[in-house]
Amino acid sequence: MTARPEIIAQKRHSTWQKFRIWRRTQSALRSERFGSDAFATFEAGVTGSYPGSTGGVILAACDDLYYWRFAITLLLSIEDQGERQQVHLHLCRPSAATLRHIGGLPALLTHVQLTWTVDDCRLAEGLRYRTVYLASARFLIAAAVMREAKVPVLCIDVDAIAVKPIWPAYAAAQARGDAVLIQRPTESSVSRRLRAGAVGFNPTPAGRRYVSAVGRAIAAIFAIRPLYHLDQIVLFYLMRTMKHRRELQVADMPDPLSDFDFSGEAVIWMAKGWAVKNSDQYGDAKRAVDARYPQVPQVPQVPDMPGVPAGLAGNG
């Protein structure tokens, strides 16, 4: 989708835009028809296959840049844990080289049960910053995955590295609520009161209603051309309303599932911000994972592939 990370000039929504976003989240809760046309437009641009209906699914999304720099390592780090795990990857406008690469991965993975979808990103047309779409894409596809597979879904950032088996660490929290979220009640901004690095949805009636409203609301909000990310603010507005009405039971995401400090207690290391992504600490962790799977190519097999900077060697 992008050849390099986009820098959003103003990292906040205006008061008017926040009101418009809030109003659409409430409409998505009032009626299952709200946003259904926009969501149908999203789905019309999606091809691929969904996970099976047994066991939970770890879900992430990426464009070409993030696929080659982060997604392969994420998949290999989950494979490295030696436990069967369904993983779904949502690819935003992937190149032919990316599709060839991911098509060959199932034969190279023993423990990861990999499925993927391909998104032509038609809802991103007209956005000033395509990264706004990329940040929300996993929550769009999560609504479709939940509807189709009816299994628990854990959405994580694609620039993460698993250092312990994920689902056993998540299962206890997953069993306690309709959604498993990272709440930050002391934050003043509604865009930061919930962190979207790790978000869990359960296939309970309330959990399914929540993820459906998230998907339809986000799809509908793209029509107003937001200039900043939608994932956290939409998740928060919907959670707040449903919790206030006692319609949603929320469990807290365990800290080890979203660890920024590369601590020994971590289950998932998260690379927050490009300073961390470009750090020696992250680079060393990434190289250690990649080195254990020399049979998995870390670079596209064609020169000058759109979306991947020249010289990118997949080593962080």
Side-chain angles (χ1 to χ4, degrees), residues 12-43 57 59 61 90 123 132-147 150 152-157 173-174 176-224 226-253 258:
R12 65 179 180 86
H13 297 288
S14 69
T15 301
W16 172 236
Q17 282 289 71
K18 283 188 286 189
F19 171 72
R20 298 175 81 191
I21 292 168
W22 171 82
R23 187 170 59 181
R24 283 160 176 77
T25 63
Q26 304 312 292
S27 295
L29 282 179
R30 281 195 300 270
S31 171
E32 292 185 1
R33 294 180 59 186
F34 181 83
S36 60
D37 288 347
F39 194 81
T41 298
F42 158 72
E43 288 200 278
V57 177
L59 185 153
H90 187 63
L123 291 186
V132 170
Y133 182 84
L134 180 60
S136 294
R138 63 183 143 149
F139 298 109
L140 292 169
I141 202 63
V145 168
M146 178 68 76
R147 184 195 65 217
K150 300 178 178 63
V153 177
L154 174 61
C155 299
I156 64 172
D157 286 340
Q174 178 253 323
R176 292 197 296 267
D178 305 303
V180 185
L181 304 172
I182 303 172
Q183 300 181 70
R184 301 192 289 182
T186 60
E187 287 283 347
S188 58
S189 169
V190 292
S191 294
R192 293 179 174 84
R193 289 186 198 168
L194 188 153
R195 189 159 60 77
V199 174
F201 302 105
N202 264 344
T204 61
R208 292 170 67 179
R209 183 179 177 222
Y210 180 49
V211 70
S212 172
V214 168
R216 287 181 288 107
I218 288 174
I221 291 166
F222 285 127
I224 65 173
L227 298 176
Y228 190 50
H229 298 312
L230 297 176
D231 50 352
Q232 295 187 163
I233 191 171
V234 168
L235 286 161
F236 173 72
Y237 277 149
L238 289 166
M239 178 204 71
R240 183 176 66 179
T241 299
M242 292 183 74
K243 280 184 67 177
H244 179 73
R245 296 174 180 172
R246 300 181 184 273
E247 295 173 350
L248 187 73
Q249 182 67 39
V250 176
D252 290 326
M253 185 69 68
S258 184

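Any value given below was found using the heavy atoms of this structure, including those in side chains, with hydrogens, waters and symmetry copies removed.
Listed by first then second residue, pairs satisfying ring-ring contact (aromatic ring centres under 6.0 Å, His included) with a partner in residues 187-221 read F201-Y210, not counting sequence neighbours.
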| request: Give the C-alpha distance, both sets of side-chain angles, the deciding distance and a yes or no for side-chain hydrogen bond (donor to acceptor under 3.5 Å, both in side chains) between S27 and R30. | output: CA-CA 5 Å; S27 295; R30 281 195 300 270; 3.0 Å; yes
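With sequence neighbours excluded, no residue satisfies ring pair (Phe, Tyr, Trp, His ring centres under 6.0 Å) with H229.
Here the side chains of I233 and F236 are not in contact, with every heavy-atom distance at 4.5 Å or above. Within the 4.5 Å cutoff, the side chain of Q17 has heavy atoms near those of the I224 side chain. Looking at Q183 and R240, their side chains never come closer than 4.5 Å, going by heavy atoms from C-beta outward. Considering only heavy atoms from C-beta on, L230 comes within 4.5 Å of I21 through its side chain. Side-chain contact between L235 and V214 is present, with heavy atoms from C-beta onward closer than 4.5 Å.
The environment of E32 atom CD is sparse: at most 12 non-hydrogen atoms of other residues, nucleotides or ligands sit within 6.0 angstrom.
Across I221 and P226, no two heavy atoms sit closer than the pair O-CD, 3.5 Å. The shortest heavy-atom contact between L140 and G215 is CD2-O, 3.4 Å. For A173 against V180, the heavy-atom pair with the smallest separation is O-CG2, 3.6 Å.
Taking 4.0 Å as the cut-off between side-chain N and carboxylate O, E247 and R209 count as a salt-bridged pair. Between R138 and D157 there is a salt bridge, since a side-chain N of the basic residue sits under 4.0 Å from a carboxylate O of the acidic one.
Using cut-offs of 30° and 60° for the angle between ring planes, the F42 and F39 rings count as tilted.
Looking only at distances, no side-chain donor or acceptor of R193 sits under 3.5 Å from a matching main-chain atom of Y237.
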